[in-house]
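Below you'll find the structure, written out as structure tokens, and then a few comments.
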Amino acid sequence: MTALQERRANFLIPLTIYATFTMPELPEVETTARGIRPHVVEKKITAVIVRDARLRWPVPKELPQHLVGNAIEHVERRAKYLLLRMPSGTLLIHLGMSGNLRILPADTPAQTHDHVDVVFADHTCLRLRDPRRFGAMLWCDGDPGAHKLLRALGPEPLGEGFDGDYLFRATRKRKVAIKQFLMNQNIVVGVGNIYASEALFLAGINPRRAADKITKVQCSRLALEIKNILHYAIAQGGTTLRDFVGSNGDTGYFQLKLNVYGKEGAPCPRCGSAIMQIRQGQRSTFYCGQCQK
DNA sequence: CTTTGCACCTGTTGGC
DNA sequence: TGCCAACAGGTGCAAA
């Protein structure tokens with residue numbers, strides 16, 4: 001048994017991974033936050049390894065000097081951003097379309113697309129992998145809420161600020177299709193391409209309908225269904241995470257019961273007619289033409 | 001101001 | 001089998 005295996009066996013360091021979701025919408029980012037939180041809070045950062053700084057924006061050259069010597073105080077999520085707060089500022093992480101974070105023994109060999117390690121004093125590290133490099137890792141001093149990328153974001157869908165009344169007011173005079181409206185992060189955050197389709201199915205609303213044609217009653221229903229599907233997905237994410245701790249496979253969405261996303265041609269779970277696929281703003285949308293009006 | 005389409009990247013899939 | 005086009009879960013930005 002190698003020294004590393006021995007340490008693992010003795011649980012001196014975590015076996016591995018947390019949250020290798022490959023398609024991060026809000027529930028996946030929330031699950032990631034919960035997954036890494038117990039393994040990074042109050043950990044002192046001893047090194048930062050940037051193997052490839054070419055993410056959506058270049059990883060700042062000063063990032064290591066900002067981080068090293070600091071200890072992470074809190075892990076928060078705002079929209080699809082992870083906020084790792086420390087005394088002198090905040091590390092902002094966005095997973096883009098293909099990013100994931102894992103907790104690993106710091107000496108785990110890096111593989112392709114493992115771009116950044118944040119190394120802790122206990123010889124574990126937080127490792128960012130992101131094949132498409134649409135993600136971001138940025139430093140923010142001061143209030144992260146005032147950061148350019150965060151300040152215009154809409155309310156959290158699971159918070160008090162998002163309900164039917166809010167949605168009704170926000171949709172007035174907006175001609176864009178409701179599905180694209182829901183994916184606008186300045187209206188409400190965290191709803192991505194999958195959950196937009198799913199929430200509209202649950203609410204019985206046609207994704208092509210103009211936002212300002214949605215009634216007050218429908219807005220209430222839609223806000224409720226958005227909360228429902230996100231809560232459900234987070235709960236499933238938690239399950240997935242538990243099941244996968246100690247393994248090294250991607251978790252993905254296979255445990256999630258989706259009604260319409262990716263189900264073109266399949267029978268609608270409610271009425272049996274074929275699920276349709278259309279394009280809206282260069283994104284795929286799935287819906288039931290019978291149930292969603 | 002709202003809306004639209006492009007761009008950024010790599011990897012996978014399906015059709016020929 | 002190989003090749004190539006199409007597509008993939010996000011989002012800032014320029015242009016209309």
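Since the model is a prediction, treat every value here as computed from it, not as a measurement. Below, chains carry the letters A, B, ... as their sequence lines are ordered, and counting in each starts from 1.
- For A:His74 (side chain) and A:Glu76 (main-chain N/O), no donor-acceptor pair under 3.5 Å exists by modelled atom type.
- A donor-acceptor distance shorter than 3.5 angstrom exists from the side chain of A:Gln292 to the backbone of A:Leu200, with no hydrogens or angles considered.
- In this structure, A:Lys148 atom NZ and C:dT11 atom C1' are separated by 13 Å, rounded to whole Å.
- One can place CD of A:Gln111 at 15 Å from C1' of B:dG11, the figure rounded to the nearest angstrom.
- Counting atom types as modelled, A:Arg132 pairs a side-chain N or O with a base atom of B:dC9 as donor and acceptor under 3.5 Å.
- Between A:His113 and the phosphate of B:dG11, there is a side-chain N or O to OP1/OP2 separation shorter than 4.0 Å.
- Separating the P atom of B:dC6 from that of C:dA6 is a span of 14 Å, rounded to the nearest Å.
- Mapping A:Lys175 and A:Arg54 onto DNA chain B by nearest heavy atom places A:Lys175 closer to the 5' end of the strand.
- Cation-pi geometry between A:Arg209 and A:Phe181 is not met: the NZ or CZ atom fails to fall both under 6.0 Å from the ring centre and inside 45° of the normal.
- In this entry the distance linking CG of A:Asp130 with P of B:dC9 reads 12 Å, nearest Å.
- Looking at A:Glu25 and A:Lys80, no side-chain N of the basic residue comes within less than 4.0 Å of a carboxylate O on the acidic one, giving no salt bridge.
- Pair assignment for B:dC9: none, as no Watson-Crick or G-U wobble contacts are both less than 3.5 Å.
- Comparing the P positions of B:dG5 and C:dC7 gives an interatomic distance of 15 Å, to the nearest angstrom.
- Distance A:Phe286 CZ to C:dA8 C1': 11 Å, rounded to the nearest Å.
- Whole-Å rounding puts the A:Asn186 CG to B:dC1 C1' distance at 12 Å.
- Residue A:Phe181 is classed as having no contact, given no heavy-atom separation below 4.0 Å to the nucleic acid.
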Inset, instruction - Check step by step if side-chain contact (heavy atoms from CB on, under 4.5 Å) holds for A:Thr285 and A:Gln277. - result: CA-CA 6 Å; A:Thr285 300; A:Gln277 176 174 10; over 6 Å; no

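- We find that CD of A:Gln277 is positioned 7 Å from P of C:dA8, with the value rounded to whole Å.
- We find that the ring of A:Phe134 and the base of B:dC8 stack, their centres lying under 5.5 angstrom apart and their planes tilted less than 30°.
- Neither OP1 nor OP2 of B:dT3 sits under 4.0 Å from any side-chain N or O of A:Lys173.
- The residue A:Arg174 sits close only to the backbone: its heavy atoms come under 4.0 Å of sugar-phosphate atoms, none of a base.
- Each of A:Gln282 and A:Val176 was assigned the nucleotide of DNA chain B with the nearest heavy atom; the assignment lying further toward the 5' end belongs to A:Val176.
- Protein atom CD of A:Gln280 is 10 Å distant from nucleotide atom P of B:dT4, rounded to whole Å.
- Applying the 4.0 Å criterion to OP1 and OP2 of C:dG9, one finds that A:Tyr261 has a side-chain N or O inside that range.
- At the heavy-atom level, A:Arg133 lies under 4.0 Å from the strands shown only through sugar-phosphate atoms.
- Following rounding to the nearest Å, A:Leu55 (CG) and C:dT11 (P) show an atom-to-atom distance of 15 Å.
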